[in-house]
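Below: one structure, written as structure tokens.
Position 1 is the first residue of the sequence; numbering continues from there.
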Amino acid sequence: ACTGWLLGSEGHLMTNNNCISSQSEADNTDYEFMAEGATCTTNCSWWGACPGIIEASSGTLEKTDYSLDYTLILLPTNLTTTYGYLQFRDTLPTVGETIYIPQHPGAWGKQIAILSDQTQYCEVSSTNQPPCMGGPGDIGYMCDTSGGSSGSPVLGLSDHLVVALHHCANCPNRGVPIPNIIAHMGSDLPDDAIGGDSPDVSVSLTPGPTSIPRGGTLSYQVTVTNNSNSTKTFDYWSDVTLPNGSEYTSSGELFGPVTVTLGPGGSRSANISHYIPISVPLGVYTYNAFVGPYPLVWNEDHFDFNVTP
């Protein structure tokens with residue numbers, strides 16, 4: 001068993017070459033998603049614990065490399081609208097940068113390594129560690145893994161982009177640097193595989209009256225635009241920041257997420273309104289709107305409104 005994850009918006013799965021290195025192996029693999037506990041306290045610490053959903057039992061091997069220890073698989077169905085996807089960072093991480101690693105050690109339910117017995121939090125210790133196999137130099141980090149963690153994404157805490165592809169457990173543990181994988185993939189790089197800048201989808205809010213009495217109605221127009229030359233599918237959702245700085249609602253989003261598909265250069269607008277309850281606190285609120293493969297944010301817009309007696 002190994003760990004894999006969705007890269008980009010076309011339905012590709014990323015893992016290690018030491019996990020899947022041939023089309024035959026890709027065709028004889030179960031691809032299981034959401035193998036995780038119901039809560040953070042659920043015990044998933046044994047083989048096969050907290051099972052998920054087997055979404056596919058075969059895939060198409062699109063690119064693989066022994067030296068860089070990566071394999072890119074195209075799954076039969078694009079699952080990104082269900083599960084979202086991760087993106088690469090196209091630059092090296094910095095030494096001392098805080099990272100975290102979601103993984104399935106020992107085929108357990110999902111574990112997330114964030115704490116280190118060396119540095120309190122998991123950190124990058126080197127960007128030119130002697131490679132476990134092939135080359136170039138690996139990214140080194142003090143962050144716990146185990147057998148089955150091969151293929152895990154190493155994510156920067158600051159931007160949640162993938163900075164290394166974990167592939168071996170030494171001291172420090174090591175992952176393949178992402179810029180080298182990007183260069184090797186070339187034209188096979190999936191759409192939206194690189195993060196860091198907002199993709200070519202934008203959201204704009206035009207509010208109605210921004211001074212609203214209790215029991216009144218907040219209204220606005222939202223416009224989402226695809227500024228790219230390819231069709232984009234993404235989600236729209238919104239929430240509100242209360243005068244005390246907390247989010248409403250704490251149990252989910254105020255609106256959405258709603259899935260939107262726009263062709264090249266396409267745009268869509270909608271008028272949305274919300275009732276303001278009599279019991280809400282008075283003061284200045286912020287309405288927040290987002291687009292992206294929920295909950296990943298590509299672009300956002302905001303406006304303030306004042307609730308009066």
Side-chain angles (χ1 to χ4, degrees), residues 1-8 12-22 25 61-73 85-107 110-186 188-190 193-196:
C2 286
T3 300
W5 43 280
L6 295 174
L7 171 67
H12 293 82
L13 180 134
M14 189 79 171
T15 190
N16 282 150
N17 172 274
N18 74 65
C19 297
I20 299 175
S21 60
S22 67
E25 291 175 341
L61 190 150
E62 294 219 330
K63 197 89 170 181
T64 191
D65 187 73
Y66 172 83
S67 292
L68 294 175
D69 199 13
Y70 83 86
T71 292
L72 184 69
I73 302 289
Y85 57 86
L86 296 177
Q87 294 179 296
F88 285 149
R89 188 194 297 173
D90 60 1
T91 58
L92 291 174
T94 58
V95 173
E97 177 178 351
T98 303
I99 57 169
Y100 63 101
I101 308 177
Q103 55 187 291
H104 293 277
K110 186 184 297 173
Q111 313 284 308
I112 300 178
I114 184 65
L115 301 177
S116 170
D117 58 5
Q118 301 290 318
T119 55
Q120 185 179 6
Y121 295 105
C122 295
E123 292 183 358
V124 173
S125 60
S126 170
T127 58
N128 193 28
Q129 199 68 28
C132 298
M133 55 193 294
D138 279 352
I139 307 299
Y141 37 86
M142 298 296 187
C143 203
D144 285 345
T145 60
S146 187
S149 300
S150 289
S152 297
V154 181
L155 295 132
L157 185 63
S158 63
D159 57 12
H160 309 293
L161 298 178
V162 182
V163 301
L165 179 66
H166 176 73
H167 73 144
C168 65
N170 290 305
C171 193
N173 287 345
R174 303 174 201 188
V176 182
I178 293 303
N180 297 84
I181 294 177
I182 292 173
H184 188 270
M185 281 189 178
D188 293 312
L189 192 70
I194 299 177

Are [X] and [Y] packed together at the side-chain level, in the sense that at least one heavy-atom pair is separated by less than 4.5 angstrom?
X	Y	answer
Thr71	Asn16	no
Cys132	Asp138	yes
Glu123	Tyr141	no
Leu115	Tyr121	yes
Pro93	Arg89	yes
Pro130	Arg174	yes
Pro179	Asp90	no
Leu161	Leu155	no

Side-chain ([X]) to main-chain ([Y]) donor-acceptor, under 3.5 angstrom:
X	Y	result
Glu97	Thr94	yes
Ser146	Pro105	no
Thr3	Gly148	yes
Trp5	Gly151	yes

Nearest-0.5 Å distance, [atom1] of residue [X] to [atom2] of residue [Y]:
X	Y	atom1	atom2	result
Cys143	His166	SG	NE2	9.0 Å
Thr145	Asn173	OG1	CG	3.5 Å
Leu165	Tyr70	CG	OH	10.5 Å
Leu157	Ile114	CG	CD1	5.0 Å
Asn18	Asp69	CG	CG	4.5 Å
Met14	Leu72	CE	CG	6.5 Å

If you measure only the distance, is there a donor-acceptor pair under 3.5 Å linking the side chains of [X] and [Y]?
X	Y	answer
Ser21	Glu25	yes
Tyr85	His12	no
Gln103	Ser152	no
His167	Asn17	no

Could you tell me which non-hydrogen atom of [X] sits nearest to which non-hydrogen atom of [Y], and how far apart they are?
X	Y	result
Ile139	Val163	CG1-O, 4.3 Å
Ser126	Asn128	OG-N, 3.1 Å
Ser150	Cys2	O-CB, 3.6 Å

Practice problem: Given side-chain contact (heavy atoms from CB on, under 4.5 Å), test Lys63 with His184 step by step and report yes or no. | Solution: CA-CA 9 Å; Lys63 197 89 170 181; His184 188 270; 3.9 Å; yes

Quiz item: side-chain contact (heavy atoms from CB on, under 4.5 Å) between Ser149 and His104: does it pass, once the steps are laid out?
Solution: CA-CA 5 Å; Ser149 300; His104 293 277; over 6 Å; no

Practice problem: Give the intermediate values and the outcome of side-chain contact (heavy atoms from CB on, under 4.5 Å) for residues Met185 and Leu7. | Solution: CA-CA 12 Å; Met185 281 189 178; Leu7 171 67; 4.2 Å; yes

Exercise. Before giving the answer on side-chain contact (heavy atoms from CB on, under 4.5 Å), spell out for Leu61 and Thr64 the whole-Å C-alpha distance, their side-chain angles and the decisive distance to 0.1 Å.
Key: CA-CA 8 Å; Leu61 190 150; Thr64 191; 3.9 Å; yes

